[in-house]
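Some notes on the structure that comes next.
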Number of protein chains: 2
Amino acid sequence: MATIRDVAERAGVAPITVSRVLNNSGYFSEETRRRVEKAAAELQYVPNQLARSLRSNRTDTLALVLTDITNPFWTTVARAVEDTAATQGFNVILCNTDEQEEKQLQYVSVLLRKRVDGFLLVPVSHNVEPITMIRQQGVPVVVLDRDIPELEADVVRCASEEGAYELIRYLIGLGHRDIAVITGPEVVSTAQERVNGYRRALAEHGLPVNPERIFFGNYTVESGYELARGVLQRQPRPTALFAGNNFIAIGALKAIREAGLQVPQDISLVSFDDLPPTLVVDPFLTVAAQSPYELGRQATELLLRRIAEPESCDWQKIVLPTELVVRRSCQAVAGERLGD
Amino acid sequence: MATIRDVAERAGVAPITVSRVLNNSGYFSEETRRRVEKAAAELQYVPNQLARSLRSNRTDTLALVLTDITNPFWTTVARAVEDTAATQGFNVILCNTDEQEEKQLQYVSVLLRKRVDGFLLVPVSHNVEPITMIRQQGVPVVVLDRDIPELEADVVRCASEEGAYELIRYLIGLGHRDIAVITGPEVVSTAQERVNGYRRALAEHGLPVNPERIFFGNYTVESGYELARGVLQRQPRPTALFAGNNFIAIGALKAIREAGLQVPQDISLVSFDDLPPTLVVDPFLTVAAQSPYELGRQATELLLRRIAEPESCDWQKIVLPTELVVRRSCQAVAGERLGD
DNA sequence: CTGTTAGCGCGTTCAT
DNA sequence: ATGAACGCGCTAACAG
């Protein structure tokens, strides 16, 4: 593999001159340019970015540490991150933590060694260790989707509490009085907030909050399935179910089908997260829709700004609104209907 | 940010001793180990992998250049690649080409500069330029999902021709005689092969191949929608439709719904690619299912082998079988039924 | 306009 | 068991 010195020799100039021509920096004659470019082309010279980075302390690479790229929500976020990063010449290293502390810490550690210019991190828990580690090395981090209490940081996330609140208010408006919620891990802020929104909506309508109707689990299809199965066996059965994310909703739908029940006739169902329109022929679920693309885009833009101007310390907390999308997965409860 | 020299000073040893302790290579006393580890911890020393890579010519990083991570097929492949790479300590840089030559070339060029250890590439066309570029730098490439005619290379792909053949044979078995196919770009091997399988199935059953029933487009929902709309307007309307991938199938379903038609009553539909079971509550489409996870896993393992032993030149062509999954999207054609 | 020197942080080589 | 010198490939700083 040709180095800058090989090119220099062949062109009959010094390495620094090659550097100047190829980076178009400093002065050089037209004749020199031609000679250098010719030599570079003939040798198929590819500059070594590692050496460059070693000097410049920039790798033009971002780390995207999320839970599972397999969830279309994260897929869309990843796409947005990659798009946005590319507009400024950055590449993206992708990592899946599967919500495991250990993987998260391992990735952060490796990526720090690789000297990525910044991190987009979906924290697995409220443990601040990974973020502290990153900060100690002076590398910018933007926390994605989830907040960590008492942590001063740049955060870009969606309005989980409000979204949940609206969903539940909608259900209450349809006359529902017994609504169960199944959601993600209790250590994850989005799960907590969605439950908070649920609580607030009930409270504001003077309805009791029954702790036996609140279930934490994982943001997976399996977990949604299991939790929903549990819920459906209860007597009395709740008239509506609130799924904490798209995967949980899918799991719940499977459980409901398996129990021989129908949505919305036998039970109403709402969910956080939409599935991307491209994946669904006939959208059916009433949801609080987030904007994963926007989430990824804004987070990346913020991160790139932090990389460009590392001084600033006015942490930004960006909260993206959620949209209530009413479709056909809910039914009014007879006799108690309050509105539509 | 602390360097190896800072650690050495604090521990009262030479930098090389620090290197030996932290890499656990060569000899050093237990006392030295303790002192070095203490100093490293106190300084929060993070070794600079750039410097290491500059010497070792290894970055422990792979490039995954695919068309669009947003398609669940590629999402699953990406997940498999990341999982497999991680087992050997490699990270993955993700790039979306959107089927554009220019983006593809740009990415390849940048990633060569970054000295990734290997490429997993889904070629946008039969243009061998990107692959040639990579090879000239002595970097291993594994071609993913698509083959390039007359190119000697490691390729891991699915059996497109055979999968299409089986789908069409299945339709013919149901009595269909007029089957349209809508698929991806004509410059992409998978699209070609799926049409070849379609042709072969018809030919083997003595049925004419009508060029007016073959449509190339893009592997996107929009393209599927547009092409299907065109097909549905034809008189006579084909009795069955073969969608070249999952996105095209979704677009086709939208067009069919919009035309007020029902699957399978009014038209039968089959597709290449399944949607991941996790994304679908009630699988309905009859498909030729590929194994995207297996595709990504095998390709990555092959690439890692090439990286470990760069000498070998016996190109591997791995073709993964496709599975015909019969569900409820097809109906026998009355009066001409041949079998089930 | 072009070149020399030096150093980014690390690990191989050879010496002690 | 430990260290000094050197170079990986590149570019900033300083001549000329």
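Letters go in sequence order (proteins before strands), and every chain restarts at 1.
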Exercise for the section: Under the side chain to side chain donor-acceptor pair (under 3.5 Å) rule, what do T61(A) and N91(A) come out as? Steps first, then yes or no, please. Expected result: CA-CA 5 Å; T61(A) 304; N91(A) 291 118; 5.2 Å; no
Practice task
Would you kindly give the CZ-to-C1' distance between R5(A) and dC10(D), to the nearest whole Å?
Solution key: 9 Å
Exercise for the section: Assess whether atom CD of E152(B) is packed by more than 12 heavy atoms of other residues, nucleotides or ligands within 6.0 Å. Expected result: no
Practice task
Find out whether K103(B) and D98(B) are in side-chain contact, i.e. whether some heavy atom of one side chain is under 4.5 Å from a heavy atom of the other.
Solution key: yes
Practice task
Report yes if a side-chain nitrogen or oxygen of N23(B) is closer than 4.0 Å to either non-bridging phosphate oxygen (OP1 or OP2) of dG11(C); otherwise report no.
Solution key: yes
Problem - Donor-acceptor pair (no angle test) under 3.5 Å: R55(A) side chain, dG9(D) base - result: no
Practice task
Please report, rounded to the nearest Å, how far the C1' atom of dG11(C) is from the CG atom of L50(B).
Solution key: 15 Å
Exercise for the section: Report yes if a side-chain nitrogen or oxygen of Y27(A) is closer than 4.0 Å to either non-bridging phosphate oxygen (OP1 or OP2) of dG3(C); otherwise report no. Expected result: no
Problem - Charged N-O contact under 4.0 Å between R297(B) and E301(B) - result: yes
Exercise for the section: Using a strict cut-off of less than 4.0 Å between a Lys/Arg side-chain nitrogen and an Asp/Glu carboxylate oxygen, indicate whether R79(A) and E82(A) qualify as a salt bridge. Expected result: no
Completion exercise
Taken to the nearest whole Å, CG/N57(A) to C1'/dA12(D) is 13 Å
Practice task
Using only side-chain N and O atoms of T3(B), determine if any of them is under 4.0 Å from OP1 or OP2 of dG9(C).
Solution key: no
Could you list the protein-to-nucleotides 3-5 of chain D atom pairs, N/O on both sides, closer than 3.5 Å?
residue	atom	partner	partner atom	Å
dG3(D)	OP2	A14(B)	N	3.0
dG3(D)	OP2	T17(B)	OG1	2.7
dG3(D)	N7	R20(B)	NH2	2.5
dG3(D)	O6	R20(B)	NH1	3.4

Handout entry: Which residue lies more 5' along DNA chain D, comparing S25(A) with A51(A) via nearest heavy atoms
Key = A51(A)
Problem - Electrostatic pair E99(B)-R146(B), nearest N-O below 4.0 angstrom - result: yes
Exercise for the section: Could you please name the option among dC10(C), dT2(D), dG7(C) that lies closest to any side-chain atom of Y45(B)? Expected result: dC10(C)
Practice task
Give the rounded distance in Å between these two atoms: CG of L54(A) and C1' of dC10(D).
Solution key: 8 Å
Fill in the blank from the handout: Between NZ of K114(A) and C1' of dG9(C) the distance, given in whole Å, is 17 Å
Fill in the blank from the handout: E9(B) CD to dG9(C) P, in whole Å, measures 13 Å
Practice task
Tell me whether the OP1 or OP2 atom of dG11(C) has a side-chain N or O from R52(B) closer than 4.0 Å.
Solution key: yes
Practice task
For atom CZ of R5(B), decide whether the heavy atoms of other residues, nucleotides or ligands shown that lie under 6.0 angstrom number more than 12.
Solution key: no
Exercise for the section: Would you mind reading off the bend of the helix from dC1(C)-dG16(D) to dT16(C)-dA1(D) from its two end axes, five pairs each, to 10 degrees? Expected result: 40°
Handout entry: Carboxylate-amine/guanidinium contact E37(A) R33(A), below 4.0 Å
Key = yes
Problem - Non-hydrogen side-chain atoms of L64(A) and F119(A) separated by less than 4.5 Å - result: no
Problem - Under 4.0 angstrom between T32(A) side-chain N/O and dT2(C) OP1 or OP2 - result: yes
Problem - Rounded distance in Å - CG (N48(A)) to P (dC8(C)) - result: 18 Å
Handout entry: For atom CD1 of I4(B) and atom C1' of dC8(C), their distance in whole Å
Key = 14 Å
Fill in the blank from the handout: Paired with T300(A), the side chain to side chain contact (heavy atoms under 4.5 Å, CB included) test is passed by just one of D83(A), V77(A), T84(A), namely T84(A)
Problem - dT2(C) phosphate, OP1 or OP2, under 4.0 Å from S29(A) side-chain N/O - result: yes
